[in-house]
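Presented below is the structure to which this report refers.
Just so it is clear, the structure is predicted and the values come from calculations on it, not from any experiment.
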Amino acid sequence: MTRIASSPADMHTMLKACVFALCCVPAPVVATKGLAQEEALNEGLIAISMANVIRKTCPSISARMLKAWLKVKSLEAEAQSLGYSAQEVSAFVKDPMEKKRVLSIAQERLADHGVIPDQPATYCTLGLAEIEAGSAIGKLLKAK
């Protein structure tokens with residue numbers, strides 16, 4: 001028969017081993033901010049939105065749809081690693097008000113980069129520059 005602990009010293013040693021083992025197990029991460037305040041997630045979504053507007057407006061640029069999808073999945077995984085549930089992340093990414101908020105920021109940034117809404121050529125100029133620079137936006141686009 002195997003002895004587990006026969007003396008107080010054995011019990012103390014076993015207790016220390018259990019405490020040490022529990023300390024080695026990573027604790028679950030608990031999200032403290034809302035997803036709208038998570039900078040990396042929002043910057044990624046804004047870049048995707050900017051690329052989407054460029055490709056829809058400029059006839060000589062198309063999207064790298066697989067890269068865009070992979071970027072979204074990567075952002076979702078990053079948010080989950082911060083403690084948000086898959087359901088929270090999915091609801092946030094699909095929420096119409098959040099999409100509108102992100103698109104508004106994307107349009108402001110496009111304007112800051114010289115895009116003029118009624119002039120598709122300005123979208124093309126920016127899109128080609130982003131592709132050439134290999135930026136987060138440019139990686140989601142390709143010249144036709």
Side-chain angles (χ1 to χ4, degrees), residues 2 4-5 8-144:
T2 306
I4 294 178
D10 289 341
M11 289 290 284
H12 185 70
T13 301
M14 188 166 52
L15 182 60
K16 282 174 142 181
C18 289
V19 168
F20 176 76
L22 287 174
C23 289
C24 293
V25 175
V29 178
V30 177
T32 57
K33 306 182 208 178
L35 284 163
Q37 283 71 48
E38 295 294 348
E39 186 176 349
L41 173 67
N42 283 273
E43 288 302 316
L45 292 174
I46 292 164
I48 291 167
S49 184
M50 290 174 73
N52 192 40
V53 171
I54 290 169
R55 69 115 181 158
K56 284 183 172 181
T57 309
C58 176
S60 62
I61 294 178
S62 62
R64 295 183 183 273
M65 296 303 275
L66 180 58
K67 283 194 178 198
W69 182 81
L70 290 171
K71 180 66 176 173
V72 169
K73 292 300 172 193
S74 168
L75 292 170
E76 289 174 349
E78 185 175 342
Q80 288 178 32
S81 76
L82 295 173
Y84 298 97
S85 72
Q87 295 80 13
E88 287 174 304
V89 175
S90 179
F92 176 78
V93 171
K94 294 176 183 176
D95 181 83
M97 293 305 292
E98 287 302 326
K99 285 182 178 183
K100 191 174 184 176
R101 180 186 66 83
V102 168
L103 178 59
S104 175
I105 295 168
Q107 289 171 329
E108 287 175 19
R109 290 191 185 174
L110 289 168
D112 291 345
H113 283 87
V115 166
I116 301 168
D118 294 336
Q119 297 180 16
T122 61
Y123 291 85
C124 296
T125 300
L126 177 60
L128 292 172
E130 295 292 325
I131 292 168
E132 181 69 28
S135 70
I137 298 163
K139 290 177 182 177
L140 302 172
L141 301 169
K142 61 183 173 185
K144 290 183 182 176

Practice problem: Can you measure from CG (Asn42) to CD (Glu38) and round to the nearest 0.5 angstrom? | Solution: 8.0 Å
Quiz item: What pairs of residues pass the disulfide (SG to SG under 2.5 Å) test when at least one of them lies in residues 70-122, not counting sequence neighbours?
Solution: none
Quiz item: Under the side chain to side chain contact (heavy atoms under 4.5 Å, CB included) criterion, do Val53 and Leu103 qualify, and how do the steps go?
Solution: CA-CA 9 Å; Val53 171; Leu103 178 59; 3.6 Å; yes
Quiz item: For atom NZ of Lys100, is the number of surrounding heavy atoms from other residues, nucleotides or ligands below 6.0 Å larger than 12?
Solution: no
Quiz item: For Glu130, what residues pass the salt bridge (Lys or Arg N to Asp or Glu O under 4.0 Å) criterion, not counting sequence neighbours?
Solution: none
Exercise. Could you list the residues that satisfy salt bridge (Lys or Arg N to Asp or Glu O under 4.0 Å) with Lys94, not counting sequence neighbours?
Key: none
Self-check item: Validation row: Val115, Ile54 side chains within 4.5 angstrom (heavy atoms)
Solution: no
Practice problem: Supply the atom-to-atom distance Glu76 CD to Glu88 CD, rounded to the nearest 0.5 angstrom. | Solution: 12.5 Å
Practice problem: With rounding to the nearest 0.5 Å, note down the distance linking NZ in Lys67 to CG in Leu141. | Solution: 10.5 Å
Practice problem: Report yes if the side chains of Leu66 and Trp69 come closer than 4.5 Å at any heavy-atom pair, otherwise no. | Solution: yes
Self-check item: Test side chain to side chain contact (heavy atoms under 4.5 Å, CB included) applied to Leu41 and Phe92, step by step
Solution: CA-CA 11 Å; Leu41 173 67; Phe92 176 78; 3.6 Å; yes
Quiz item: Say you draw a straight line from CE of Met50 to NE2 of His113; how long is it, rounded to the nearest 0.5 Å?
Solution: 5.5 Å
Practice problem: Any chance you could measure Leu45, atom CG, to Arg101, atom CZ, to the nearest 0.5 Å? | Solution: 8.0 Å
Quiz item: Where the side chain of Lys144 meets the backbone of Ser62, is there a donor-acceptor pair that is under 3.5 Å apart?
Solution: no
Quiz item: Which pairs pass disulfide (SG to SG under 2.5 Å) with one or both residues in residues 104-138, sequence neighbours excluded?
Solution: Cys58-Cys124
Quiz item: Can you list the residues that meet the side chain to side chain donor-acceptor pair (under 3.5 Å) rule with Arg55, with sequence neighbours excluded?
Solution: Asn52
Practice problem: Could you tell me the separation between the CG atom of Leu140 and the CD1 atom of Ile48, rounded to the nearest 0.5 Å? | Solution: 6.0 Å
Quiz prompt | Smallest separation among heavy atoms of Glu78 and Ala40, with atom names | solution = OE2-CB, 3.3 Å
Quiz item: Considering residues at least two apart in sequence or located in another chain, which fulfil the side chain to side chain donor-acceptor pair (under 3.5 Å) criterion with Glu43?
Solution: Arg109
Quiz item: If you look at every heavy atom in Ala79 and Val89, which pair is closest and at what distance?
Solution: CB-CG2, 3.6 Å
Exercise. Mark yes or no for whether Ser49, through its side chain, and Ile46, through its backbone, hold a donor-acceptor pair below 3.5 Å.
Key: no
